[in-house]
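One structure is given below, encoded as structure tokens.
Every chain is numbered from 1 and lettered A, B, ... according to where its sequence line falls, protein lines coming before strand lines. If you're wondering where the values come from, they're calculated on a predicted model, not measured in any experiment.
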Amino acid sequence: MNYWLFKSEPDEFSFDDLKKRKKKTEPWNGVRNYQARNYMRDGMKVGDLGLFYHSNTAVPGIAGLVKVSKAAYPDPTQFDSESDYFDPKSLPNDPRWLMVEVTWEADFPSFVSLEELKGDPRLAEMLILRRGNRLSITPVESRHFERICALGGCLG
DNA sequence: GCCAACGTTGGC
DNA sequence: GCCAACGTTGGC
């Protein structure tokens, strides 16, 4: 099993929004970065767990847990000229962008703020904490994942 | 294939 | 709203 971090701006789509979705599931569309796409394509398997991170908001941090419920497949928004995510250079017979689907898995009894993540020496090497990191999807080491779950009061 | 210019991200 | 950091673009 692999672990991941999914960034989302809560003003656009929050962890609570996910919980309110039908089947608590949402296609993770709109990823337009090759490295993030490759993580989805090459690394993500159904059943992998993810940390749902709120970015670009007053108190950034991790709101809860999601599970990858569908493996990578072509993101239809790349072919939709009405969509913000439309990519005229992507061809239907050779799609450039992929997405997975994520499903709500568990709330964190306590939100784990970015400040808290930064303050924990055990998490110092996390990709998300590296300067200038802007990837919307990053892999998470199991030791980091477990530590963050403990901070959030999840999974015993 | 270099690299300057540009647009975006995201914490603060 | 500022701005540092980064990815992408496109002229050469």
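- Taking for each of A/R134 and A/K89 the nucleotide of DNA chain C with the nearest heavy atom, the 5'-most of the two is the partner of A/R134.
- Side-chain atoms of A/E101 and A/Y73 form a donor-acceptor pair, as typed in the model, at a separation below 3.5 Å.
- Computed from C1' positions of five pairs at each end, the angle between the two local axes of the helix from B/dG1-C/dC12 to B/dC12-C/dG1 equals 10°, rounded to 10 degrees.
- With 3.5 Å as the limit, one finds no donor-acceptor pair spanning the side chains of A/T138 and A/R130.
- Position along DNA chain C of the nearest nucleotide to A/N33 versus A/N56 favours A/N56 as the more 5'-ward residue.
- With respect to A/D75 and A/R32, a salt bridge is recorded, a charged nitrogen being found less than 4.0 Å from a carboxylate O.
- Using a cutoff of 4.0 Å between basic side-chain nitrogens and carboxylate oxygens, A/R147 and A/D120 are scored as salt-bridged.
- There is no side-chain donor-acceptor pair under 3.5 Å between A/T77 and A/D80.
- Scanning DNA chain B 5' to 3' for nucleotides with an atom closer than 4.0 angstrom to a non-hydrogen atom of chain A gives a first and last hit of B/dG7 to B/dC12.
- Relative orientation of the A/W28 and A/F52 rings is perpendicular, given thresholds of 30° and 60° on the angle between their planes.
- With no hydrogens or angles considered, a side-chain donor-acceptor pair links A/Q78 and A/S90 at under 3.5 Å.
- Salt bridge A/K67/A/D48: absent, no basic N to carboxylate O contact under 4.0 Å.
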